[in-house]
Amino acid sequence: METTMTFQELIIAHPFQKAEILSGWSGKGNFFIDVASNLQAVKRQTLLILEVSQENIQKLPEIVNHDYIQGVLLYHLDKKYIRPSLLDKIKEVHKPVLFLDNTDLDSIIRTIEEMKKLKQLGLFRYAWEQSTRYWLTMINENHIQKVLDRLSEIIDNPVVLLDPFFFLHSSMPSVDGSDQYTFLKQRYVQMRNGSKDDYRLLQEQQESFLLFKLENHGFLLIKQERGTITDMTIELVHQVLPSLVTWFKKEEAILETNRKYANQFLYDVLYNNFESEEMLITQGKLWGWNFTKQPLLMVLQLHSENDQSLSMELLESMKHQITFILQSQALTGIVTNFQDQVVVFVFDEKKQSKKERKDFSKYLATQIQQVLAGKFPDVRITVGIGRLYRSNLEIFRSFQEAKIALEMGRFLQKRKGVFLFEEIGVIRLLCLINNDVLITFFKETLGELLEYDREHDGELVRTLEVYVQENGDISRTSDSLYIHPNTLRNRLKKIESLLDISLNSYEDLLNVFVTLKISQIVT
């Protein structure tokens, strides 16, 4: 019985792994029985091996149309230019045309015959077990995208990397949005239990996806667009997976080292550890950051709704999403994290007035918060924004202000979750005063009212708070408290009597207002 071999088997076996696919790969399943180096020797299904020459290239359309020619392997040290129009003619025939960087015809033929014998003995898998070494070498010598392009070319379907949260990995170029594969997450989780395989075949509407888990680093995703995904495809991917995991580990080690030193630089920026602005600018250039511009600075506080610590993978994915948002706004920035806070520097090229800058800051922070909330529903996000300063040696002030805005914003009883330091009013002054002083002032001003409420189970403090919030409007205050306006007036008279104040006095009202703000901080 004659042994056949497909072109996919040929190209995944050593030493043909480096063979370049020129055209006709849709016919990769074509099988051949014989190997020949001239047309006269062709009598049945044959792989024709030709040395690259201008004459042979011109004859390619005629050669691939030959009934018994299943495909062509061109060999030479230098690949000749082939006109696109000629390649188009070849593609129409659906027979593979490959190029191999080799000049030893006898060696090529001998290797193919040895592969056929191994296949006949059931030992062909050993002929391409060295594939793992090939992929390791390739991944060490090339950008990850080139490696994935090569894999995609061989299996004839698109291939991408996803992070553990099903977002496009940061090494992948985004074409139509960073979250284009997150819809697969729920389906993957449903299928994960009860299966021993390390991959999943997922169906979504009319599309099929093959998902391979890369330990805890993420996933390799194959989108089935052309033809079926065969057992050989899965075997081939299994040969690639160890190389991808190795790449992830190496990248993460490099990133961790870079992150350590980059974070140290940013720490020095945020805590004013530079002697001069020139030194700050010079060191920033080493990281590719232009600190000749003054950045908008915002701090994101991340709260896990499940009271769990945020994983480094989650933080990295969130930082990547923020970077996407900045890029979508044509903005350059730096996104880093310190524990459960993410710090964002935004370098805006536009010249804006103070009001325009404030409106833009609120818009951008709100957009970041809303996008992240939609993508990471288990994490609650609040944003604090500091003021812009003329010198980058004063970024530390903006950083402290953003953190104060975050902290004080919690007491403003507003749900928006975006707080500008310049908008938190008198609280930004109160936060600079010692807590003991604030508590003493609070007790001296509202102490009688608190004591009365404790003894009579009263609502006077609450009544005063709502009255101030509603700017002294009797109708709105009574509506908010669900009481009659006359009842409210009686309570207000009682408050004035106990505190010995007049709510019509600007000075007394200011003291009450400040004290209520203090109560939000110290109680």
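The shown structure was predicted, so the numbers you read here are calculated from the model rather than taken from an experiment.
- Annotation: Gln203, atom CD; neighbour count of heavy atoms from other residues, nucleotides and ligands within 6.0 Å is above 12.
- Side-chain contact between Leu481 and Glu459: absent, with no pair of heavy atoms (C-beta onward) separated by less than 4.5 Å.
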Side-chain atoms of residues 211-223: list all donor-acceptor pairs with protein atoms under 3.5 Å, sequence neighbours left out, distances to 0.1 Å.
unit_1	atom_1	unit_2	atom_2	d
Lys213	NZ	Glu215	O	2.9
His217	ND1	Glu252	OE1	3.4
His217	ND1	Glu252	OE2	2.9
Lys223	NZ	Glu207	OE2	3.0

**Request:** List the steps, then state whether side-chain contact (heavy atoms from CB on, under 4.5 Å) holds for Asn392 with Phe274.
**Result:** CA-CA 10 Å; Asn392 279 332; Phe274 285 98; over 6 Å; no

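- Shown here for Glu470 and Ser480, the closest heavy-atom pair between the two residues is OE2-OG, 3.2 Å.
- Remark: Glu401 engages Arg387 in a salt bridge (charged side-chain N to carboxylate O under 4.0 Å, His left out) (not counting sequence neighbours).
- Residues Val299 and Val383 fail the side-chain proximity criterion, which asks for heavy atoms closer than 4.5 Å.
- In this structure, Ser361 and Met298 approach most closely via the heavy-atom pair O-CE, 4.5 Å.
- Lys319 pairs by the side chain to side chain donor-acceptor pair (under 3.5 Å) definition with Glu316, Asn337, not counting sequence neighbours.
- Partners of Ser85 under the side-chain contact (heavy atoms from CB on, under 4.5 Å) rule, at least two apart in sequence or in another chain, are Arg83.
- Here the shortest heavy-atom pairing between Leu393 and Phe396 reads O-CD2, 3.1 Å.
- For Asp473, the salt bridge (charged side-chain N to carboxylate O under 4.0 Å, His left out) criterion is met by Arg476, not counting sequence neighbours.
- In this structure, Tyr267 and Asn273 have side chains that are in contact, with non-hydrogen atoms separated by less than 4.5 Å.
- For the atom pair CD1 of Ile325 and CD of Gln370, the computed distance is 10.0 Å after rounding to the nearest 0.5 Å.
- The closest side-chain heavy-atom distance from Leu241 to Val237 is below 4.5 Å.
- Aromatic ring centres of Phe248 and His169 lie closer together than 6.0 Å.
- Applying the ring pair (Phe, Tyr, Trp, His ring centres under 6.0 Å) test to pairs two or more places apart or on separate chains, none has a residue in residues 133-163.
- Among residues two or more places apart in sequence or in another chain, the salt bridge (charged side-chain N to carboxylate O under 4.0 Å, His left out) test is passed with Asp378 by none.
- Counting all heavy atoms, side chain and backbone alike, Phe99 lies closest to His76 at CZ-O, 3.3 Å.
- The shortest side-chain heavy-atom distance between Ile334 and Val344 does not fall under the 4.5 Å cut-off.
- Residues forming a side-chain contact (heavy atoms from CB on, under 4.5 Å) with Lys354 (at least two apart in sequence, or on another chain): Arg357, Glu422.
- Looking at every heavy atom in both residues, Leu161 comes nearest to Trp247 through CD1-CZ3, 4.0 Å.
- Taking Asn290 as the reference, Thr292, Lys293 meet the side-chain contact (heavy atoms from CB on, under 4.5 Å) condition, with sequence neighbours excluded.
- Counting non-hydrogen atoms of neighbouring residues, nucleotides and ligands closer than 6.0 angstrom, the NZ atom of Lys250 exceeds 12 such neighbours.
- With Phe167 as reference, Phe376 is the one residue of Phe324, Phe183, Phe376 to meet the ring pair (Phe, Tyr, Trp, His ring centres under 6.0 Å) rule.
- When all heavy atoms of Phe265 and Trp287 are compared, the pair lying nearest together is CB-NE1, 4.0 Å.
- Other residues, nucleotides and ligands contribute over 12 non-hydrogen atoms within 6.0 Å of the CZ atom of Phe338.
- Scored by the salt bridge (charged side-chain N to carboxylate O under 4.0 Å, His left out) test, Glu275 finds no partners at all (sequence neighbours excluded).
- In terms of the side-chain contact (heavy atoms from CB on, under 4.5 Å) criterion, residue partners of Glu278 (sequence neighbours excluded) are, by chain and number, Ser276, Thr282.
- Within the structure, salt bridge (charged side-chain N to carboxylate O under 4.0 Å, His left out) pairs that include any residue of residues 148-159 comprise Lys28-Asp156, Arg150-Glu153, Asp156-Arg226 (at least two apart or interchain).
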